[in-house]
Each structure stands twice: as C-alpha cells, then as structure tokens.
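Order of listing sets the numbers, starting from 1, for every ligand and every atom in it. Any value given below was found using the heavy atoms of this structure, including those in side chains, with hydrogens, waters and symmetry copies removed. These figures come from a predicted structure and were not determined experimentally. If you read the sequence from its start, that first residue is 1, and numbering goes on from there.
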Amino acid sequence: MFSREEIIEILNKPAEEIFTLADKIRQEQVGNEVHLRGLIEFSNICKRQCKYCGLRCENKGISRYRMTPDEIILCARNAAEAGYKTVVLQSGEDEYYSRDILCKIISEIKKLNIAVTLSVGEKSFEDYQAYRESGADRYLLRIETTDRNLYQRMHPGADINNRIRCLENLRELGYEVGTGCLVGLPGQTLESLADDILFFKEINADMIGIGPLIPHPDTPLKNCNAGSLKIALKVIAITRIMLGNINIPATTAMETLDPDGRMLALKSGANVIMPNVTPVIYKDKYEIYPNKISFSENASQSRQFVEEILKKAGRSIANDYGFRKR
Ligand code: 5AD
C-alpha cells in the first residue's frame, strides 16, 4: 500500500512500471472481462453551477431536454435487449423528476432483470432510500476533488460536507457506491490528487470514475488547460493497486482527450466501459464537455464495436451483472 508521499512521488515522475503493476493487479483481482454499462443521459437540466460543466444552469448556450419516463424505460429496454446487464440513469440535478417519478422509472426498469445505477446528484436520505427500495443497485456521485478550498471555488453554493453525507447515506442504504475525481482542475495539486485516492480507499468505494478536465467553451473554465491524460492514467493505476477488486471505468473523457485514451485506461487498471445509449436526438445536447465521444448510433451497434476493440486487447465482454467481486 502506498503512503501519501509515495503517491505524490509516483504522480510526479515518469513511472511506467505503475501501469504494468496496475494491469497485473486488475487481471488478478477482476480478470479479463470488461463490464458494459449502458449510459442513459435522461435530462440535461441542472440547477447547479459547477464551474467546469456545460450543463450548469447559467449556460444559456445549450438547448435543454427532458426524456419522459416512457422514453427512459424504452431506452433501457433497448439496452437490455442489446445485452446490457446494467443501465446508468444520469441527469443534471433536475427537480422535475420527483421521488415518485424516479421510483416508478426504476421499478419498471428492474422488471427487465438488469442492474440499475443512478447518477442524479445530491439528494436527501429519504430519496436515496426510496430509490433503493424501488430496486436501484448502485449510485455514482463523484467527490470531484477532496481539496476543500478548490471544491468551494468550483461549486458555488455547494458544500463538500453534504456530498460526503450523501456518500455515507448511500453506503448505509446498501448501494454499491461510486465516486471519483476530475484531474486537472485549475489550482489542483498532486498532493490533493493523492488525498483523493486516499479518500477513495477510506470510504471503501466500490467504483471509481476518473477523468481529465476538458474545458467547455461556455463555462468559466473555458481558458483553462485540459487535464493531463498521463496523470489521469496514473490516478487510475494507483487506485487499482490500492483498492484491488473495485470496478473502474475507462471514461469517455479519456478518449475525448486522446483517441487511445480509453484503451490506455483499460491497460492501466480499468475494467468497465460505459457506452452511451441515449437516443441520438438527445445525445449531442448532453454536453458536459465538448466533442464527447460516442461509439455508435444505437445500443447494439455500440456493443459490437466495443466487442471488436476489446478482442484486439485480449479482453472480452462480461455476461454477469458486474457487481464488485468480493
Ligand atoms: N470535463 C471533464 N469531465 C467533466 N465532468 C463535468 N464537467 C466536465 C468537464 N468539463 C464530469 C464530472 C461529473 C461527471 C458526470 O462528468 O466529474 O461527475
């Protein structure tokens, strides 16, 4: 296990061996199978003002949409028929989807015998409890950064303590809990990235999503540099080494930054891919950052495409639900 100082040192210097070690541990702990999660981006309406995100409420430059519950359920059905064992329901923090509406969507989708992951932001304990009782299995809520000052600068009006409260509630309710961070926020230090990794370990996260910042032209971070792919890969690798059997996606942001990014992530500790299965009429509008990569127009084409690239890398698509291997 690495100490804080050792993590900082690895992040600071060329350290190719870390990728080899992470790949080996990934193979020992979770094998060569890659889990696919079909991502449904069901609303780009958001009440928050995260400085880096294109969905922030102050961005008037995107056209906003909400999928109806029926559209969401149909989209999940298509994904299930294409062989996905998990769908991820993600949106901005959009209050239109009340507890009741979301619970109905979840319980309908659960009838398809697939796992449901939610990624809809900070909610109350009671909301999380109701979603769980309706059948939600997992929840993604990145901490984004554990540096309290940076957190505050990046998230006007938000409170990191509430985010931590959410992660604790989710754990208590028996969700598989996913968190993660952005790499390359302005003013972020390698020390704080080391603290992020130690935080993942401390809360014993089941899933960790890591991606480089990609500046969005219609946000306050438009003139910032993009995050470093190399450092993001190192954060993935160290996280794999330190947390062992968790699930780690090769995120879309990695590939958006570099055509090889997703494959590099899969060789540096990642074991999950989240193909976008959002209907084409909405997909382009979910612009968290510009030029977001997506494999294909529909769920089953995406799956075939992914299968082909995985084969070349000696990996295969898993057929189980892809819960954390314990
Ligand atoms: N670049 C990269 N990732 C971003 N996210 C939000 N905005 C950006 C951006 N500009 C990430 C956040 C969020 C996830 C859904 O997308 O980390 O948790």
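- Taking hydrophobic clusters as Ile, Leu, Val, Met, Phe, Trp and Tyr residues chained together by side-chain heavy-atom distances below 4.5 Å, Met263 shares a cluster with Ile317.
- A continuous path of ILVMFWY side-chain contacts below 4.5 Å connects Tyr282 to Tyr84, so both sit in one hydrophobic cluster.
- Put simply, no part of Gly180 is less than 4.0 Å from ligand 1, judged by heavy atoms.
- Residue contacts with ligand 1, taken as heavy atom pairs separated by less than 4.0 Å, involve Arg142 solely via side-chain atoms from C-beta onward.
- Looking at Cys50 against ligand 1, nothing comes within 4.0 Å, counting heavy atoms.
- With hydrogens left out, the protein atom closest to atom 1 (N) of ligand 1 is Ile214 N, 2.9 Å, a heavy atom.
- The shortest separation from a heavy atom of Glu144 to ligand 1 is under 4.0 Å, placing the residue in contact.
- Taking every non-hydrogen atom of Pro212 and a distance limit under 4.0 Å, the qualifying atoms of ligand 1 come out as 1 (N), 2 (C).
- Both tests do not hold together for Arg165 against Phe125: distance to the six-membered ring centre under 6.0 Å, angle to the ring axis within 45°.
- Looking at Ile288 against ligand 1, both its backbone and its side chain come within 4.0 Å, counting heavy atoms.
- Within the 3.5 Å criterion, the main-chain N or O of Ile114 finds a donor-acceptor partner in the side chain of Lys110.
- Note on Lys85 versus Asp320: no salt bridge recorded, every NZ/NE/NH1/NH2 to OD/OE distance being 4.0 Å or above.
- Here is the list of ligand 1 atoms found below 4.0 Å of a heavy atom in Tyr289: 1 (N), 2 (C), 3 (N), 4 (C), 8 (C), 9 (C), 10 (N).
- Here the shortest heavy-atom distance to atom 3 (N) of ligand 1, taken over Leu182, Thr256, Leu55, belongs to Leu182.
- Taking distance alone, with nitrogen or oxygen atoms compared against 3.5 Å, Leu213 stays at or beyond that limit from ligand 1.
- For ligand 1, the atoms sitting less than 4.0 Å from at least one non-hydrogen atom of Gln90 are 15 (C), numbered in the order shown with element in parentheses.
- Of all atoms in ligand 1, numbered sequentially from 1 with element shown, those under 4.0 Å from a heavy atom of Cys53 are 7 (N).
- Salt bridge annotation for Arg163-Glu144: present, with a cationic side-chain nitrogen under 4.0 angstrom from a carboxylate oxygen.
- Side-chain N or O atoms of Asp137 include none that pairs as donor or acceptor with a backbone N or O of Thr117 at under 3.5 Å.
- Thr278 and Asn276 are linked by a side-chain donor-acceptor pair at a separation below 3.5 angstrom, with hydrogens and angles left out of the test.
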